[in-house]
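Both ligands and their constituent atoms are indexed starting at 1 by order of listing. Atom set for the values below is all heavy atoms of this structure, side chains included, hydrogens, waters and symmetry mates excluded.
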Amino acid sequence: MGLSIVVASGKGGVGKTSVVAGLASCLAALGSKTICVDGDAGLRNLDLALGLQEQAVFDFNDVLLGRAALRDALVSRSDIPRLQLLAAPAHTPASAIDPTAFAALIGTMTELADFVLVDCTAGLDTGFALAASACTGAIVVTTPNQMALRDSARCAERLTNHSPVKLIVNRVQPRLIRLRHAYNIDEAMDTVGLPLLGIVPEDEMVSAAQNHNIPLVLASQKGAGSALCNIAERLMGRECPIPRRFREWKVEG
Ligand SMILES: Nc1ncnc2c1ncn2[C@@H]1O[C@H](COP(=O)(O)OP(=O)(O)O)[C@@H](O)[C@H]1O
Ligand SMILES: [Mg+2]
């Protein structure tokens with residue numbers, strides 16, 4: 001029985017889709033069977049980040065409505081065979097999805113995979129409730145700035161029934177922390193009120209890989225690619241301390 005994890009933030013644009021695509025690819029590359037579900041009904045783009053836009057003919061609403069079998073809607077790349085994607089409907093809003101049926105579908109997928117990661121829509125309304133109520137665990141993604149942190153704190157307050165619930169601080173730039181132009185990692189954890197799962201540095205390879213429709217782990221094993229693989233190791237229960245230079249960012253005053 002696998003673990004279902006909603007990846008949420010409240011605020012849009014902080015890197016939820018990038019984290020889901022990168023983390024799912026790393027989990028699969030490290031040997032865990034991983035299904036990632038695009039929970040952003042109406043505004044999907046996880047298929048693009050994984051280079052699966054041509055294969056993703058069916059979406060989760062097709063499965064819920066009996067128009068496609070789950071095995072036909074799950075698509076994968078030959079170079080990361082343990083990774084599968086279930087796309088979101090491109091034109092159906094979250095308000096039109098039956099939450100009970102969606103939760104049952106996520107439950108079915110936890111029987112097929114070690115990890116089911118659900119990429120959540122921005123905001124804390126219907127789309128968030130749909131994805132959050134279907135999962136047992138949660139990852140809150142934030143960037144180290146005041147607005148994202150406040151929204152992430154609101155998001156974390158809504159995840160009290162989930163376990164584990166952990167924080168990823170994305171797009172971290174040590175230079176900005178040193179200049180006090182960005183919050184440090186301790187401040188981020190205190191503001192959101194969650195334990196740290198990992199830190200992902202600002203890395204131009206994230207958007208470069210996305211624009212080439214290549215999973216980050218295949219494009220770069222440094223920077224954000226390396227950080228996401230370390231996070232994947234931690235999720236798999238392996239010892240993987242946060243690197244020393246990251247810890248230094250954490251205590252930067
Ligand atoms: N660690 C990172 N370094 C550099 N750019 C990033 C990083 N994470 C995300 N991005 C970029 O930020 C933008 C928003 O990311 P996205 O994953 O779409 O956010 P969300 O899903 O939360 O709306 C994208 O252009 C993406 O390439
Ligand atoms: Mg997104």
J.: Working to the nearest 0.5 angstrom, can you tell me the gap between Asp114 CG and Met1 CE?
T.: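 The distance works out to 12.0 Å.
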J.: List ligand 1 atoms under 4.0 Å from Lys16, heavy atoms only on the residue side.
T.: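 Listed by number with element, the hits are 17 (O), 19 (O), 20 (P), 21 (O), 22 (O), 23 (O).
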J.: What is the minimum heavy-atom distance between Ala219 and Met205, and which atoms define it?
T.: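 Looking at all heavy atoms of both residues, the shortest contact is O-CE, 3.9 Å.
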J.: Nearest protein heavy atom to atom 19 (O) of ligand 1, by residue and atom, and its distance?
T.: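 Heavy-atom neighbour on the protein nearest atom 19 (O) of ligand 1: Gly15 N, 3.0 Å.
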J.: Which atoms of ligand 1 have any heavy atom of Ser207 under 4.0 Å away?
T.: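 Checking each atom against Ser207, I get 27 (O).
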J.: Give the residue and atom name of whichever protein heavy atom lies nearest to atom 24 (C) of ligand 1, and the separation in Å to one decimal.
T.: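 Going by distance alone, atom 24 (C) of ligand 1 is nearest to Gln210 OE1, 4.0 Å.
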J.: Determine, step by step, whether Leu105 and Leu86 satisfy the side-chain contact (heavy atoms from CB on, under 4.5 Å) criterion, reporting the C-alpha distance in whole Å, the side-chain angles of both residues, the deciding distance to 0.1 Å, and the verdict.
T.: CA-CA 11 Å; Leu105 181 59; Leu86 180 59; 4.0 Å; yes
J.: Examine Ala224 against ligand 1 and note whether any of their N/O atoms are separated by less than 3.5 Å.
T.: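 No, there is no polar N/O contact under 3.5 Å.
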J.: Could you report the tightest heavy-atom contact between Thr34 and Ala28, atom names first, then the distance?
T.: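 Taking Thr34 first and Ala28 second, the nearest heavy atoms are OG1-N, 3.8 Å.
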J.: What closest approach, in Å, do Gly123 and Phe128 show between heavy atoms, and which atom pair accounts for it?
T.: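 Taking every non-hydrogen atom into account, O-CB, 3.5 Å.
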J.: Mark the output for Pro201 as yes if a heavy-atom distance to ligand 1 is under 4.0 Å, and as no if none is.
T.: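 A heavy atom of Pro201 does come that close to ligand 1.
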J.: Tell me whether the count of non-hydrogen atoms from other residues, nucleotides or ligands lying under 6.0 Å of CZ in Arg71 goes above 12.
T.: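 No.
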J.: In terms of residue, atom name and distance, what is the protein heavy atom nearest to atom 9 (C) of ligand 1?
T.: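 Nearest neighbour among protein heavy atoms for atom 9 (C) of ligand 1, to 0.1 Å: Ser18 OG, 3.4 Å.
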J.: Closer than 4.0 angstrom, basic N to acidic O: yes or no for Glu187 and Arg180?
T.: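 Yes, Glu187 and Arg180 are salt-bridged.
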J.: Taking all non-hydrogen atoms of both residues into account, name the closest pair between Ala224 and Pro201 and its distance.
T.: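 It is N-CG, 3.8 Å.
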J.: My understanding is that only one of Leu3, Leu27, Val19 makes a side chain to side chain contact (heavy atoms under 4.5 Å, CB included) with Leu117; could you say which?
T.: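 Result for side chain to side chain contact (heavy atoms under 4.5 Å, CB included) with Leu117: Leu27.
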J.: For ligand 1, is there an atom lying under 4.0 Å from some heavy atom of Gly13?
T.: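 In this structure, Gly13 qualifies as a contact of ligand 1 - some heavy atom is under 4.0 Å.
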J.: How does Glu204 reach ligand 1, by side chain, by backbone, by both or by neither, if only non-hydrogen atoms under 4.0 Å count?
T.: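 Within the 4.0 Å criterion, Glu204 makes no contact with ligand 1.
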J.: Would Val14 count as being in polar contact with ligand 1, using the rule that some N or O on each side must be under 3.5 angstrom apart?
T.: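 Yes; at least one N/O pair falls below 3.5 Å.
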J.: If you count the atoms of ligand 1 from 1 in the order shown, which ones are under 4.0 Å from a heavy atom of Asn170?
T.: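 Going through ligand 1 atom by atom, the ones under 4.0 Å from Asn170 are 1 (N), 2 (C), 7 (C), 8 (N), 9 (C).
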J.: Please indicate whether any nitrogen or oxygen in Thr17 is less than 3.5 Å from any nitrogen or oxygen in ligand 1.
T.: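 Yes - when backbone and side-chain N and O of Thr17 are compared with those of ligand 1, one distance drops under 3.5 Å.
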J.: Measure the distance from atom 13 (C) of ligand 1 to every protein heavy atom, then report the residue, atom name and distance (to 0.1 Å) of the closest one.
T.: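 Of the protein heavy atoms, Arg171 NH1, 4.0 Å lies nearest.
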J.: May I ask you to check if any N/O/S atom from Thr121 comes under 2.8 Å of the Mg ion (ligand 2)?
T.: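 No, Thr121 does not qualify, because none of its backbone or side-chain N, O or S atoms lies under 2.8 Å.
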J.: Give the residue and atom name of whichever protein heavy atom lies nearest to atom 3 (N) of ligand 1, and the separation in Å to one decimal.
T.: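 Nearest protein contact, heavy atoms only, for atom 3 (N) of ligand 1 is Asp203 N, 2.9 Å.
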J.: Taking atom CD of Glu157 as the centre, report whether more than 12 heavy atoms of other residues, nucleotides or ligands fall under 6.0 Å from it.
T.: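 Yes, because the 6.0 Å sphere around CD of Glu157 holds more than 12 heavy atoms from other groups.
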J.: One residue to check: Ala122. Relative to ligand 1, which of side chain, backbone, both or neither has a non-hydrogen atom less than 4.0 Å away?
T.: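 No part of Ala122 comes within reach of ligand 1.
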